[in-house]
2 protein chains.
Amino acid sequence: MVSQTRPRRRADAERSIARIVAAARTCLSEHPDATIEAIAAEAGVGRMTLYGHFKTRADLVEAALSAALEAGEATLATVDLSGDPGAALDRLLASSWSLVAESAALLEAAQGVLPSGRLRELHAEPAKRVEDLLRRGQRDGVFRSDLPLPWLVSVVQYVLHGAAEQLRAGNLTEENVAEVAVATVRSVLDQPPAES
Amino acid sequence: MVSQTRPRRRADAERSIARIVAAARTCLSEHPDATIEAIAAEAGVGRMTLYGHFKTRADLVEAALSAALEAGEATLATVDLSGDPGAALDRLLASSWSLVAESAALLEAAQGVLPSGRLRELHAEPAKRVEDLLRRGQRDGVFRSDLPLPWLVSVVQYVLHGAAEQLRAGNLTEENVAEVAVATVRSVLDQPPAES
DNA sequence: CTTAACTCGTATATTCCCGTACGAGATAAA
DNA sequence: TTTATCTCGTACGGGAATATACGAGTTAAG
């Protein structure tokens, strides 16, 4: 149902599209207003080949965002989100922190090129998953309830986005970035033990 | 020493410059790639007047960033940073969270138009103030030491920047934004009471 | 009042990027 | 092999933004 619109597409075209989308994901999440030409170069194809598959920049951005969100959905589906919310969050972040960070960056890149309605539509389902987990954690008294839920969701994105940024800047390493990001998120979400 | 380059400048010119810089600060911190024309309009002057005082876009961005950082410095100078680091941080954030958020946004706007060396140079001193406060808090056992100091400094910026963003988006209100931001920052920095 | 500084519009050059048009050559699929 | 698809270069047009050039009108400062 994703892209079975086939009048019949050749295998090499399929491959090109995959490379282009992958390139768009990396380029756009690093630099929100990356050039079409830069993305094509990153993908190893000519600019005109890219235009052959994506008529406009918005199409490309949407494809990149969709791909990232679908990857996130796929990962979320494999993670066990039941049981202790704290442990569930740890599992979730451990396996998908970079995807969430990437999605946040792409979301930023998509603002202004996609209609905001379409944007919310794409982002709604994965965001709801995280939100539900946090809400459950609040109900169980594991996560804090003294701050608005949407704010907490946003902060998770900010922290992960920042972790990816600091990794690129060389201030964090491949080895410690996940640990640092998870610890930071946990300290934001966890219910402080003795709150007046 | 700031701008006494004195061939002798008229009072109205001084006023125009002040309005332009103020407009640049607000416009650029809301929208990193705001147009020169938009900034001039916000300042209530013609585009050509702006060019009369700032030859290039980079000049303008640097002026805006410098002004914000100087305002931050001035505020920092009035805040009592001695005593309990936690309380000092509360005082600091209460009186300057929006300035820090603005500076972070301007810093983002400045990337790419200013040489990165110049950028670090401008940002170095105010960042050091915060860093010193956090370091002292770590030594006193008030702030956590299990995460790298530069990361903690960055997270403070991310959170404040996010708070400003959510305020603009209408997800936080003028009344609760400061409280929410401060509580979030505190929960990231505070030493967890029972750490194995 | 006189001068120099300032304001600011119009016009223009330049640059950058998007998107289209055209077409020749390479390649997968039948 | 035949055919439709795909690749991709060159070239062009349009739009937006930066920056310069010129100049006429306005205003602060001596």
Side-chain angles (χ1 to χ4, degrees), chain A residues 3-24 27-28 30-65 106 108-115, chain B residues 3-24 26-28 30-65 106 108-115 118:
Chain A
S3 51
Q4 290 293 42
T5 35
R6 107 277 304 286
R8 122 167 154 281
R9 210 162 29 177
R10 267 169 45 177
D12 53 349
E14 210 78 56
R15 229 178 308 137
S16 288
I17 292 176
R19 296 178 58 131
I20 290 170
V21 171
C27 285
L28 290 175
E30 286 173 15
H31 185 29
D33 45 357
T35 293
I36 294 269
E37 191 169 4
I39 295 171
E42 169 80 19
V45 303
R47 197 168 66 96
M48 301 322 297
T49 301
L50 193 156
Y51 273 110
H53 298 294
F54 302 92
K55 297 221 76 68
T56 103
R57 174 171 232 275
D59 286 352
L60 179 57
V61 172
E62 175 164 343
L65 181 57
L106 287 178
E108 190 187 336
Q111 285 170 341
V113 288
L114 291 189
Chain B
S3 51
Q4 291 292 41
T5 34
R6 72 22 311 217
R8 123 167 156 283
R9 211 164 27 177
R10 267 168 45 175
D12 53 350
E14 209 78 58
R15 228 177 309 134
S16 288
I17 292 176
R19 295 178 58 129
I20 290 169
V21 171
T26 64
C27 286
L28 290 174
E30 285 173 15
H31 185 32
D33 44 358
T35 293
I36 294 268
E37 190 167 5
I39 295 171
E42 168 81 19
V45 304
R47 201 170 99 267
M48 300 322 297
T49 302
L50 193 156
Y51 273 110
H53 298 295
F54 302 93
K55 296 220 76 64
T56 113
R57 173 169 233 276
D59 285 352
L60 179 58
V61 172
E62 176 164 344
L65 181 58
L106 287 178
E108 188 187 337
Q111 286 170 341
V113 288
L114 291 189
R118 180 84 186 114

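Below, read A as the first sequence line, B as the second, and so on, with proteins coming before strands; counting in each chain starts at 1.
Going from atom CZ of A:R19 over to atom C1' of D:dC6 covers 15 Å, rounded to whole Å. Here the C1' atom of nucleotide C:dC6 and the CZ atom of B:F54 are 15 Å apart, to the nearest Å. Computed from coordinates, the B:R15 CZ to D:dA28 C1' distance equals 9 Å when rounded to whole Å.
Looking at which nucleotide of DNA chain D each of A:S16 and B:Y51 is closest to, the 5′-most match is held by A:S16. For B:D12 and A:I17, each mapped to the nucleotide of DNA chain D holding its nearest heavy atom, the one lying further toward the 5' end belongs to A:I17.
For residues 33-49 of chain B, proximity to DNA chain C is found at B:V45, B:G46, B:M48, B:T49, defined as any non-hydrogen atom under 4.0 angstrom from a strand atom. Within residues 55-64 of chain B, no residue has any heavy atom closer than 4.0 Å to DNA chain C.
Distances shown here put every side-chain N or O of B:H53 at or beyond 4.0 Å from the OP1 or OP2 atom of C:dC6.
Partners of A:A13 by side chain to side chain contact (heavy atoms under 4.5 Å, CB included), not counting sequence neighbours, listed by chain and number: A:R9, A:H53. Listed by chain and residue number, A:T56, A:L114 satisfy the side chain to side chain contact (heavy atoms under 4.5 Å, CB included) test with A:A58 (two or more places apart in sequence, or in another chain).
In terms of heavy atoms, B:C27 sits closest to B:I39 at CB-CG1, 3.9 Å. Heavy-atom minimum distance, A:L65 versus A:L106: CD1-CB, 3.8 Å.
Between B:T49 atom OG1 and B:R19 atom CZ the span is 11.0 Å, to the nearest 0.5 Å. Note that CG of B:L60 and CD1 of B:I17 are 11.0 Å apart. Values are rounded to the nearest 0.5 Å.
Residue-to-nucleotide contacts include a donor-acceptor pair under 3.5 Å from the side chain of A:R10 to the base of C:dT27.
Among residue pairs with one or both ends in residues 31-46 of chain B, those qualifying as side-chain hydrogen bond (donor to acceptor under 3.5 Å, both in side chains) are B:H31-B:D33; sequence neighbours excluded. Screening residues 45-64 of chain B for salt bridge (charged side-chain N to carboxylate O under 4.0 Å, His left out) gives B:E62-B:R118 as the qualifying pairs, with residues at least two apart or on separate chains.
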